[in-house]
**Student:** 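Mind looking over this structure? Questions follow.
Predicted model, so just to flag it, every value in this text is computed and none were measured. For the single chain, residues carry numbers from 1 onward in sequence order.
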Amino acid sequence: MIRFLMPLPLLLAGTALNAQTTATPQQTPQVSAAQRNAVINAPLPPDQAAMKAHVMFLASDAMRGREAGSEEYDIAAQYVASQFYAAGLKPAGDDGSYLQHVPLVGYKPKGEGSFTLEMNGKTIPLAYGEDYLPAGNAASDVTDVSGKLVFVGQGIVAPQYRHDDYAGIDVKGKIVALVRGAPDSFNNEERAHYGNTATKLIEAQKHGAVGAVMLTPPDISLDRMKGYLSHESVTWADKEGNGHVAAPQVPMLGVIGGDAATRLIAAAKVDPKALQKRIEKGSFKPVAFPATLNAKVETERRKIESSNVAGMIEGGDPAVKDQVVVLSAHLDHVGVGDADARGDTIYNGAMDNAVGIASLIEEAKRFQESGKAPRRSIMFLAVTAEEKGLVGSDYFAHHPTVPKQNIVADVNLDMPIITFPFEDVIAFGAERSTLGPIVKKAAADAGVEFSPDPMPEMGLFVRSDHYRFVQQGIPSVFLWPGEKGPGKAATEKFFAEHYHKPSDQIDENDVDWKQGVRFVDVNYQIAREIADADQRPAWNKGDFFGTLYNGYGAK
């Protein structure tokens, strides 16, 4: 699944929506089981049949939505490992196997916690669900923080925009209060980066804060957020078994709103409407609330075991064979959830992302069938827990099974929609590195056009597994069938009718397997071009993400 902009509560919880997704009832044409099975089992040419066979297994009801940590996901991982073996890939996981163990931590608030304000020499207890909601901390069972409150708006420091929400104030040893989002004037992808809660917490940690809360307007009820914040979030575990968090010194404590927000704003003697306008215009000045927040939160944590699947084709050029091009796709989906209008509770995840995994497997076979080794090595990587917040790819990016400095690129396949004869391809983020010209040439060689990002306002470059490689300084792109011709309507139909619903299965999606083969062909051309190029991929000089993460070629 692509990580779209999330509502505030989900950002606070630091994860994506879990398997308990409420499906929107859809009208389903009434066809008999015999008619449906006749369509599903119709004969296809061998290359199309091979691709369909992978999806038939991975998106079957027996896989129960492949939720990370489930037995069914583990079976799916073993299936992918067996296919990598059949395609002639060498194991690239742990201890000579195809599997890389990924230790996960599930976490959520335990109980109501306790929030109090100290103002004017008085201690004011806050009411759970009315004044505050706690957020779980993956890194600790108990979080107990006290500090003076400072409102830093969106909590952003962006020198290239001359924007500094911390200007003129010291937050060392204090708790920062934040609001979501980033200025509309920012570049779309950079706005998505700065609007991410993890980015805000990292910035707060740089400034010496000891905790953070999200501040919501007094007129917004916290009651509707309870369900989101009480859902289990997931991250990967460190060597001590604690959950990895972006800014361990600045835990997200929760949300403050209602009467507590009214009291704080009034005590600071600021006009909330004027404050909001200054935030929107980028002219915000931080506000020291005359209050100390005491917050104590308990977190319920559990261990979850899962795995990535990795196979390798070794490069044939001794001069560059140690350089590794990663081709990635996520194997997990959202599991079992709320029933749709037909009573179906299994979220099969055919497009999202069994088709991506099938493409990965078939592309590996293309390399073997070519009889020509790529110059650079190529790793085929199926990752877990993407639906939990790009967690499996983040674990691999921090703990790669090859030397990190050897990884020179990532091309990610997430939810390719193959229900229409695509006329172009999109590579989100292509303009940021030399991968762009490579992808354009490969697309042309494969007979399709290359189109720019049709949805720049969504900032999709930061919303799928490839971004975890970007954060390690590795040039990366996210590949998708384009929206020319019938593409736009087909894409909109998928999101409206099947995205994260039980109907994302091959008998509901009108899958065109010929397009699946074409998509694999384009992927193969791109990977071959990157692997065989004279120069390794490099960030464009001065690119924001390349510079931010110290990537090759950016400085």
Side-chain angles (χ1 to χ4, degrees), residues 3 154-167 181-196 198-203 205-207 246 282 320 323-326 328 376 390 393-394 397-398 404-412 425-443 450-480 526 529-531 533-555:
R3 318 305 310 171
Q154 293 172 327
I156 293 169
V157 177
Q160 71 274 34
Y161 295 105
R162 297 181 180 178
H163 185 107
D164 187 353
D165 287 335
Y166 287 85
D184 290 340
S185 59
F186 286 17
N187 165 276
N188 291 299
E189 292 167 349
E190 293 173 23
R191 185 173 71 244
H193 164 79
Y194 283 115
N196 185 276
T199 303
K200 296 176 187 290
L201 295 179
I202 291 169
E203 193 62 55
Q205 182 169 279
K206 290 178 182 177
H207 284 80
V320 295
Q323 296 180 9
V324 179
V325 177
V326 177
S328 58
R376 292 176 177 82
L390 317 182
S393 55
D394 195 42
H398 281 84
K404 187 181 297 184
Q405 66 270 19
N406 289 6
I407 301 176
V408 298
D410 174 66
V411 178
N412 187 51
V425 293
I426 303 161
F428 297 103
E431 77 283 358
R432 295 189 173 276
S433 73
T434 59
L435 287 176
I438 291 175
V439 172
K440 291 177 183 178
K441 181 180 183 302
F450 177 87
S451 293
D453 183 352
M455 300 170 282
E457 72 282 357
M458 296 300 296
L460 295 184
F461 180 59
V462 305
R463 303 191 187 282
S464 192
D465 284 310
H466 66 285
Y467 189 60
R468 298 310 192 191
F469 291 88
V470 170
Q471 290 176 310
Q472 300 300 316
I474 299 166
S476 305
V477 292
F478 161 30
L479 196 69
W480 223 19
I526 290 171
E529 188 74 21
I530 297 170
D534 289 336
Q535 301 296 323
R536 62 176 285 182
W539 291 96
N540 295 337
K541 188 174 181 180
D543 178 80
F544 170 75
F545 291 102
T547 302
L548 179 65
Y549 296 115
N550 198 32
Y552 175 77
K555 293 184 179 179

**Student:** After noting the C-alpha distance and the side-chain angles of Leu460 and Met455, does the key distance pass the side chain to side chain contact (heavy atoms under 4.5 Å, CB included) rule?
**Tutor:** CA-CA 8 Å; Leu460 295 184; Met455 300 170 282; 3.7 Å; yes
**Student:** Apply side chain to side chain contact (heavy atoms under 4.5 Å, CB included) to the pair Val325 and Val408, showing each step before the final yes or no.
**Tutor:** CA-CA 6 Å; Val325 177; Val408 298; 4.0 Å; yes
**Student:** Which is it for Gln323 and Val320 under the side chain to side chain contact (heavy atoms under 4.5 Å, CB included) test, yes or no, and what are the steps along the way?
**Tutor:** CA-CA 6 Å; Gln323 296 180 9; Val320 295; 4.3 Å; yes
**Student:** Holding to side-chain contact (heavy atoms from CB on, under 4.5 Å), I want the full list of residues that pass it with Ala531, two or more places apart in sequence or in another chain.
**Tutor:**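 For Ala531 the side-chain contact (heavy atoms from CB on, under 4.5 Å) partners, ignoring immediate neighbours, are Pro374, Arg376, Ile378.
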**Student:** So Thr547 and Lys541, do their side chains get closer than 4.5 Å, heavy atoms only?
**Tutor:** no
**Student:** Looking at Thr434, is its backbone amide N or carbonyl O close enough to the side chain of Trp539 to form a donor-acceptor pair, meaning the two atoms are under 3.5 Å apart?
**Tutor:** no
**Student:** Specify the closest pair of heavy atoms between Ser433 and Pro437, including all atoms of both residues, with the distance to one decimal.
**Tutor:** O-CD, 3.8 Å
**Student:** Taking all atoms of both residues into account, what is the closest heavy-atom pair of Pro454 and Pro456, and its distance?
**Tutor:**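 Closest approach of Pro454 to Pro456, heavy atoms only: C-CD, 3.4 Å.
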**Student:** With a 4.5 Å heavy-atom cut-off, do Leu479 and Asn412 have their side chains touching?
**Tutor:**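 No - every pair of side-chain heavy atoms lies 4.5 Å or more apart.
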**Student:** Quick one: does Asp543's side chain have a donor or acceptor within less than 3.5 Å of a partner on Gly546's backbone?
**Tutor:** yes
**Student:** Would you say that His163 contacts Pro183 through its side chain, given a criterion of any heavy-atom pair below 4.5 Å between the two side chains?
**Tutor:** yes
**Student:** Tyr194: which residues meet the ring-ring contact (aromatic ring centres under 6.0 Å, His included) condition with it, sequence neighbours left out?
**Tutor:**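 Tyr194: ring-ring contact (aromatic ring centres under 6.0 Å, His included) contacts with Phe186, Phe544.
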**Student:** Can you see which heavy atom on Asn187 is nearest to which on Tyr161, and at what distance?
**Tutor:**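 Scanning both residues, the minimum pair turns out to be N-OH, 2.9 Å.
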**Student:** Would you indicate whether the side-chain heavy atoms of Ile530 and Leu435 approach each other to under 4.5 Å?
**Tutor:** yes
**Student:** Closest heavy-atom contact between Ser476 and Phe469?
**Tutor:**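 Of all heavy-atom pairs spanning Ser476 and Phe469, the closest is OG-CB, 3.5 Å.
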**Student:** Say you draw a straight line from CD of Gln160 to CG of Leu548; how long is it, rounded to the nearest 0.5 Å?
**Tutor:**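 The CG atom of Leu548 is 9.0 Å from CD of Gln160, to the nearest 0.5 Å.
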**Student:** Does a side-chain heavy-atom distance below 4.5 Å link Ser451 with Val425?
**Tutor:**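 Ser451 does not reach Val425 side chain to side chain.
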**Student:** According to the interplanar angle, ranging from 0 to 90°, do the rings of Trp480 and Phe478 count as parallel (below 30°), tilted (30 to 60°) or perpendicular (above 60°)?
**Tutor:** tilted
**Student:** Hey, do the aromatic rings of His466 and Phe428 have their centres closer than 6.0 Å?
**Tutor:** no
**Student:** Hey, is the main chain of Glu431 close enough, under 3.5 Å, to the side chain of Asn540 for a donor-acceptor pair?
**Tutor:**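 Looks like yes, one N/O pair under 3.5 Å.
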**Student:** Just how far is it from atom CD of Gln471 to atom OG1 of Thr199, taken to the nearest 0.5 Å?
**Tutor:**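 If I round to the nearest 0.5 Å, the distance is 7.5 Å.
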**Student:** Measuring only between side-chain heavy atoms, which start at C-beta, is Arg191 closer than 4.5 Å to Asn188?
**Tutor:**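 Side chain of Arg191 against side chain of Asn188, heavy atoms only: contact under 4.5 Å found.
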**Student:** side-chain hydrogen bond (donor to acceptor under 3.5 Å, both in side chains) with Tyr166: which residues, sequence neighbours excluded?
**Tutor:** none
**Student:** Can you check side chain to side chain contact (heavy atoms under 4.5 Å, CB included) on Gln472 and Tyr549, steps first, answer last?
**Tutor:** CA-CA 6 Å; Gln472 300 300 316; Tyr549 296 115; over 6 Å; no
**Student:** Of all the heavy-atom pairs spanning Ala538 and Gly553, show the shortest one and how long it is.
**Tutor:**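 In this case the closest contact between Ala538 and Gly553 is CB-CA, 4.3 Å.
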**Student:** As an exercise, state the distance from CG of Asn550 to CZ of Phe545, rounded to the nearest 0.5 Å.
**Tutor:** 15.5 Å
**Student:** Mind checking the CG-CZ spacing from Asp410 to Arg468? Nearest 0.5 Å is all I need.
**Tutor:**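 The distance works out to 12.5 Å.
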**Student:** From Lys200 NZ over to Ile156 CD1, what is the distance, rounded to the nearest 0.5 angstrom?
**Tutor:**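 It is 4.0 Å, given to the nearest 0.5 Å.
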**Student:** Provide the closest heavy-atom pair for Ala427 versus Val439 in the form atom of the first, atom of the second, distance.
**Tutor:**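 Scanning both residues completely, I find the closest heavy atoms to be CB-CG1, 3.9 Å.
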**Student:** Can you tell me how far CG of Asp453 sits from CD of Glu189, rounded to the nearest 0.5 angstrom?
**Tutor:** 6.5 Å
**Student:** Within the 3.5 Å criterion, strictly below it, is a donor on Ser328 or Asp465 matched to an acceptor on the partner's side chain?
**Tutor:** no
